[in-house]
Amino acid sequence: MDVLLLSRLQFAMTTFVHFIFVPLTLGLSLLVAYMEFKFVRSGDETYRRMAKFWGKLFLINFALGAVTGIALEFQFGTNWSRYSAYVGDIFGSLLAIEATLAFFLESTFLGVWIFGWKKLSPKMHNAAIWLVALAANLSAFWIIMANGWMQNPVGYVFGEGRAELGSFMALISNEFAWHQFIHVLSASYVLSGFFVLGISAYHIAKGSNVDFFKKSFRIAAPFTLIFAIVVVVQGHSHGATVAKYQPEKLAAMESHWETRTQAPQYLLVIPDPSNQRNRLELFPIPGGLSLLAYHDFNAAVKGLNDFPRDDHPPVMTTFLSFRTMVGLGFLFPILAAWVWFRRKVPEDSPGLLKILPWIIPLPYVAIQLGWIVAEMGRQPWIVYGMMRTSEAVSPGITTAQVAGSLAGFMAIYGLLVALCVFLLSKYGRKGPEPAVQE
Amino acid sequence: MLETTWFLLWGILWAVYFALDGYDLGLGMNMPFLAQGETDKRVIYNAAGPFWDGNQVWLITAGGVTFAAFPATYAVLFSSLYTPLLLLLFALIFRGVSYEFRRKVDSDSWRKFWDGCNVLGSFLPALLFGVAFANIFMGIPLNAQQINEGNLLTLLNPYGLAGGVLFVVMFSMHGSLWLAVKSSGELEKRATSLARKMWVAVLVMVVVFLGLSLLYTSLFDNYLNNPALFIVLLLPVTGLVLTRKYLDNGEQWKAWASSAAGIIGVTLFGVIGLFPKLLPSTIDPAYSMTIANSASSTLTLQIMLGVALTFVPLVIAYQAWVHIRFGHKITQEDLEYEEAY
């Protein structure tokens, strides 16, 4: 094991864990803000209890998302110092802007929201959580502009031994990054939606706090359906931007080896990366891949064998992650449509109520797989076409140091994930505080 | 000029971080000495309650600005300080989570575990920040490739350790002063009395640290070359004197604000002495990281300056509002509040 491999493992592990916590905060903050808004408007105490109950689950996640986020920022410097020095001019400024513009707002007003239920007027208090939700999503924007730049570097010029900012406008109007942003955001909303639906279904089926959870269910239903459709439809155009900007990644996602026009989309493929071909290709849709990637049956889709071997991403991982993600992605709108049809009378669909709690983990799986496609599929590059991952690692650190920190992260993050699951299920099962007369 | 502005902003961001999160860290460190029972502990947690999270973002911003404005320094500094930084990070993770998790399970051993995390997770960062910044002021053995030839033990030299102790006592005093603002009764008295004791310790450590700075660093060169700069020293000195005065008069808010000014002053004293270096090399001054060899491009610095000058004052304004809005003394009603820590 060398410093490079250990640093990659460490970054991968800490990013995965960070992104267990983050997506729920993106969507749930909006739902909680909306619930409190309904309370402010209608005066119906149930909505206030809803904001508090779902808010508590949001806060458990938020705390973990925040502390694990610092670990990522620090690692660019500690483990990837060559990368940091080479691209800090561009990448670093996006992170700094994120902190200044978004994260300050989110963290400060979250404190106001937690402690302000009795100290602020209902409208002011609701404004605090709207600010938190806005800032959380704004934060995602800046972070994904930074990641999007690693996927599709734009707006830079080569300076003395480093990349320098050429155009800030180009940086924040990066087509690839915007696709990523919408994709990640809508996927996070789907995850948050199924989270609320799953816990609500659990309680409705049990007959506890039925009115409370039916209201929650009804709020989450359209939200989930809309974004489940957006993920699929926009996910397709995101795939097309991958074809346009990162053809090797697309070829790896599809395990597509030979360049051809009218490339078919095989429904069943078993890749054989060591022999640079597929062991099995079944059920072709003629021209399907050409159509999906370039919106043209006759378009040529470049195969992996026409790219230098050194530039191939890990095919098996990228391919399997992509297929599984897409499979799950198609499941969500179907389920969400079922939910939406039954949104007013969910108690009449015991089957649906039984399934939904078990669905909660699936969007988490899909979203992590999506990041595997994005990040593993970009290898061997850390900045696509510009800098290789192997060139990015810090020169001055030792195997022992990184092995030590990796072991520390694994122990601590293992504990954090276990605690998060434990607390979410404890408080999710427990249900809201009983209504009090004030 | 742009580089110099950013150098100053860089120093100010770290200074403000220390002045704000410093009291949170102080609250945690002081807990074993001040809390007699569960109610006192809860007052201490809730004294940091609405603020600590926003305060911590100053660290993320200071780190982010180092990355954005001086990427080469960020790269060398963070990889050189690998082990202490990761220890710091682990400590801050446990500290942060302790606030949110402590009251989530009703069990004494659960609470004890998170109390331990909060105390250690506050003490260690205070110590490590002090050690790190003293070593930055003094320089580390960077070779021609700008790789650190030292290790963790190199950092634990007398000057580094003095910096660590200085930060620990400064933050402990700062935390006690904030607790005096937020608490009442016996706890308030104990907090005030600890602040008084710590004030003496801070005074001693400031003198020791300045003396050692003369011995170990070249921080005074800038001041000797340009004596007008000695005005900067007025900030920590006045801060410290006023802290004592307000403490004696029972003006808790002002005592805390003076202590914040003192912390900012101590940090800026070092930062200004450091200029134009960001991380000196003790092997050869030519191997140092400076604003000249690590600043970002003019365009990046300009855009970032626009962002900083627009949004940092806004952040200061809304965080000040939060401190005033939630700066009252914690009452029994506050502790019974469902969402309280």
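Throughout, protein chains are lettered first and strands after them, A, B, ... in sequence-line order, and every chain is numbered starting at 1.
B:Phe101 CZ to A:Cys420 SG: the interatomic distance, rounded to the nearest 0.5 Å, is 6.0 Å.
Between chain A and the residues B:Leu77, B:Val105, B:Leu81, B:Asn148, the largest count of heavy-atom pairs under 4.5 Å involves B:Val105. Chosen from A:Leu95, A:Ile412, A:Leu416, the residue pairing most often with chain B at heavy-atom distances under 4.5 Å is A:Ile412. Between chain B and the options A:Gly55, A:Gly116, A:Gly159, A:Gly69, heavy-atom pairs under 4.5 Å are most frequent for A:Gly116.
Only the side chain of B:Glu338 has a heavy atom closer than 4.5 Å to any heavy atom of chain A. Contacts between A:Leu59 and chain B at a heavy-atom distance below 4.5 Å involve backbone atoms as well as side-chain atoms. Using a 4.5 Å cut-off between heavy atoms, A:Ile60 touches chain B through backbone and side chain atoms alike. Only the side chain of A:Glu433 comes within less than 4.5 Å of a heavy atom in chain B; its backbone stays farther off. Only the side chain of A:Ser394 has a heavy atom closer than 4.5 Å to any heavy atom of chain B. Contact of A:Val87 with chain B is not made at all, since no heavy-atom distance falls under 4.5 Å. Contact annotation for A:Leu64: only side-chain heavy atoms (C-beta onward) come within less than 4.5 Å of a heavy atom of chain B.
The 12-atom threshold is not exceeded at CE of A:Met410, counting heavy atoms of other residues, nucleotides or ligands nearer than 6.0 Å. Around the NZ atom of A:Lys123, the shell of radius 6.0 Å holds no more than 12 heavy atoms that belong to other residues, nucleotides or ligands.
Between A:Lys426 and B:Lys104 there is no side-chain heavy-atom pair separated by less than 4.5 Å.
Annotation for B:Thr83 and A:Gln401: closest pair OG1-NE2, 3.3 Å, computed over non-hydrogen atoms.
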- Task: Check the pair A:Phe104 / B:Leu314 against side-chain contact (heavy atoms from CB on, under 4.5 Å), numbers first and verdict last.
- Result: CA-CA 10 Å; A:Phe104 264 128; B:Leu314 192 65; over 6 Å; no

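Classified by interplanar angle (parallel below 30°, tilted 30° to 60°, perpendicular above 60°), the ring pair B:Phe67/A:Phe76 is tilted.
Here the options are B:Phe51, B:Tyr99, B:Tyr341, the test is ring pair (Phe, Tyr, Trp, His ring centres under 6.0 Å), and the partner is A:Phe115; only B:Tyr341 passes.
Under the 6.0 Å cut-off for aromatic ring centres, A:Phe109 and B:Tyr318 qualify, their centroids lying closer than that.
Checking side-chain atoms of B:Gln319 against main-chain N and O of A:Thr108 turns up no donor-acceptor pair under 3.5 Å. Side chain of B:Ser79 to backbone of A:Gly396: no donor-acceptor contact under 3.5 angstrom is found.
By the ring pair (Phe, Tyr, Trp, His ring centres under 6.0 Å) test, A:Trp113 is found to be paired with A:Trp117, A:His125, residues two or more places apart in sequence or in another chain being considered.
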